[in-house]
There are 4 protein chains.
Amino acid sequence: MPCEFKITRRVEFSETDMAGIMHFSNFFRFMETAEHAFFRSLGYSIHTTQLAAQVGWPRVHAECDYKKPLRFEDEVEVQLLVREIKERTIHYAFVFRKLGPHSPEETARGALVVACVSKDADGKMKAVPIPREIADKIEAAPQEKLA
Amino acid sequence: MPCEFKITRRVEFSETDMAGIMHFSNFFRFMETAEHAFFRSLGYSIHTTQLAAQVGWPRVHAECDYKKPLRFEDEVEVQLLVREIKERTIHYAFVFRKLGPHSPEETARGALVVACVSKDADGKMKAVPIPREIADKIEAAPQEKLA
Amino acid sequence: MPCEFKITRRVEFSETDMAGIMHFSNFFRFMETAEHAFFRSLGYSIHTTQLAAQVGWPRVHAECDYKKPLRFEDEVEVQLLVREIKERTIHYAFVFRKLGPHSPEETARGALVVACVSKDADGKMKAVPIPREIADKIEAAPQEKLA
Amino acid sequence: MPCEFKITRRVEFSETDMAGIMHFSNFFRFMETAEHAFFRSLGYSIHTTQLAAQVGWPRVHAECDYKKPLRFEDEVEVQLLVREIKERTIHYAFVFRKLGPHSPEETARGALVVACVSKDADGKMKAVPIPREIADKIEAAPQEKLA
């Protein structure tokens with residue numbers, strides 16, 4: 001069962017800031033992009049209408065450790081790893097690697113914790129168990145991958 | 001009746017790019033911010049639930065002429081002017097001025113054309129007449145202001 | 001000589017707004033992304049250090065006409081066309097088409113005018129002739145493509 | 001000596017996403033905005049040219065815990081607290097509170113760790129001691145504020 005996924009992106013001009021590097025907030029957008037591509041790879045849109053229950057995935061925690069800057073036109077691989085899948089949350093780890101003529105260079109590590117929610121009659125979000133169709137398709141990555 | 005409105009904003013670090021200036025796409029976000037503040041000044045949210053009919057305001061045209069760059073921490077005044085109010089659209093003009101120790105300096109001019117729409121039963125957007133409660137509160141700016 | 005270029009992108013979650021569609025300012029970021037990919041296709045980075053003269057390309061005009069909304073996960077083709085190349089400016093036209101099971105559907109048209117500048121000793125930007133190495137590689141698209 | 005600072009902001013339309021709430025990445029932009037306003041309150045720009053040594057402040061760590069969503073036009077107070085000031089880094093904590101007719105409601109908590117760097121002759125960033133002029137103006141918040 002899938003426990004990881006990789007996407008590749010090129011840093012765009014509008015993602016840089018006056019320090020000449022990718023703005024730190026954009027690493028979080030890249031993590032989310034990897035998460036959504038991971039879901040598509042399972043056969044689902046994150047904004048799915050394919051399931052019996054309409055669920056959403058708000059973030060409850062996000063973090064990133066920055067090691068080296070990314071610059072305009074850098075090609076970066078974002079590796080998503082499932083750290084843990086619980087009844088109502090999924091914990092993801094991310095590794096950012098700059099691609100290039102040499103071997104990939106790790107530039108950052110991140111994490112997201114997302115909750116599975118549905119809206120009740122009033123439109124209020126409430127945590128609910130992850131639908132079985134999805135939970136059955138994901139597993140936590142082995143410990144050595146997460147080290 | 002109101003035909004103009006002004007807001008003041010300070011350029012944020014995340015709005016700059018590696019050229020050291022505010023990214024050109026952010027001028028459009030500033031125009032929209034002025035438009036929404038203008039609506040609040042009339043007593044409405046742009047995302048109003050106060051009207052009989054639930055309407056939205058998608059953009060049908062946007063443009064900007066850039067004269068001088070804006071930089072991090074610049075204070076900028078965004079002046080909104082109603083150029084024309086038609087049955088189903090509002091045409092806005094915008095003037096960006098950098099504030100500072102000297103007299104304000106014009107740095108850009110922009111325009112937005114927004115359509116008044118409602119969603120039909122299928123969720124499709126359809127242009128509709130601007131609700132009278134709003135149309136009655138706005139008028140076009142006099143020609144000399146728009147020059 | 002090249003007079004056009006196409007890129008394909010998927011609309012990301014962070015590019016949508018609460019109206020459920022891609023925020024209108026992001027169309028300008030997509031245009032710029034196409035422009036930069038076009039430059040790479042010519043063998044240059046837009047932020048080049050490969051030329052004798054270090055030049056930059058600030059935007060002097062930007063515009064967009066919106067016909068249909070783009071939504072999360074839509075695949076969109078952005079076609080760049082060189083409308084005109086002058087001594088110090090390049091005029092680009094853009095056509096946005098939503099890809100899908102049916103034939104591509106035009107959703108928006110845009111335009112950018114960019115100036116070629118270099119910085120003088122004080123760091124002030126000044127319009128300069130487009131370096132010959134670049135001007136010699138680009139030509140205006142034939143009229144029928146621009147219609 | 002200052003150990004905290006507060007700013008107030010209104011959530012803009014372009015900061016929301018199709019889930020109808022402020023996109024999670026924008027909380028990090030708000031934290032940075034509070035940090036830069038804090039620096040201005042000390043008499044410095046974060047991008048200062050006022051100091052003997054030209055220093056920058058890249059982020060080495062960023063995190064956020066999300067409790068309740070923020071929505072379009074919500075007014076939010078961002079409280080910055082200095083958690084720790086070390087020789088080469090500053091650790092900030094942030095509390096987000098939604099303002100309104102009732103008492104402020106905590107919606108998120110965040111943290112940033114920023115390093116003080118200067119560029120060496122090659123343009124490479126290198127961690128350096130925080131300039132005394134700045135270090136002397138900041139102190140860690142008392143423990144009870146950080147609880």
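First the proteins, then the strands, lettered A, B, ... as listed; each starts at 1. Note that the structure is a prediction, hence the values are computed from the model and not measured.
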Colleague: If I measure from the heavy atoms of chain C, does B:Pro69 come under 4.5 Å with its side chain, its backbone, both, or neither?
Modeller: side chain
Colleague: Sequence neighbours excluded, which residues qualify as ring pair (Phe, Tyr, Trp, His ring centres under 6.0 Å) partners of C:Phe28?
Modeller: B:Phe28
Colleague: Given a strict heavy-atom distance threshold of 4.5 Å, which part of B:Met18 is in contact with chain C: side chain, backbone, both, or neither?
Modeller: side chain
Colleague: As an exercise: rank B:Gly56, B:Cys64, B:Ala115, B:Ala19 by heavy-atom pairs under 4.5 Å with chain C and give me the winner.
Modeller: B:Cys64
Colleague: Counting backbone as well as side chains, what donor-acceptor pairs lie under 3.5 Å between chain B and chain C?
Modeller:
| from | atom 1 | to | atom 2 | distance (Å) |
| --- | --- | --- | --- | --- |
| B:His23 | NE2 | C:Glu32 | OE1 | 2.7 |
| B:His23 | NE2 | C:Glu32 | OE2 | 3.4 |
| B:Glu32 | OE1 | C:His23 | NE2 | 2.7 |
| B:Glu32 | OE2 | C:His23 | NE2 | 3.4 |
| B:Val60 | O | C:Tyr66 | N | 3.0 |
| B:His61 | ND1 | C:Cys64 | O | 3.3 |
| B:His61 | ND1 | C:Asp65 | OD1 | 2.8 |
| B:Ala62 | N | C:Cys64 | O | 3.0 |
| B:Ala62 | O | C:Cys64 | N | 2.8 |
| B:Cys64 | N | C:Ala62 | O | 2.9 |
| B:Cys64 | O | C:His61 | ND1 | 3.3 |
| B:Cys64 | O | C:Ala62 | N | 3.0 |
| B:Asp65 | OD1 | C:His61 | ND1 | 2.8 |
| B:Tyr66 | N | C:Val60 | O | 3.0 |

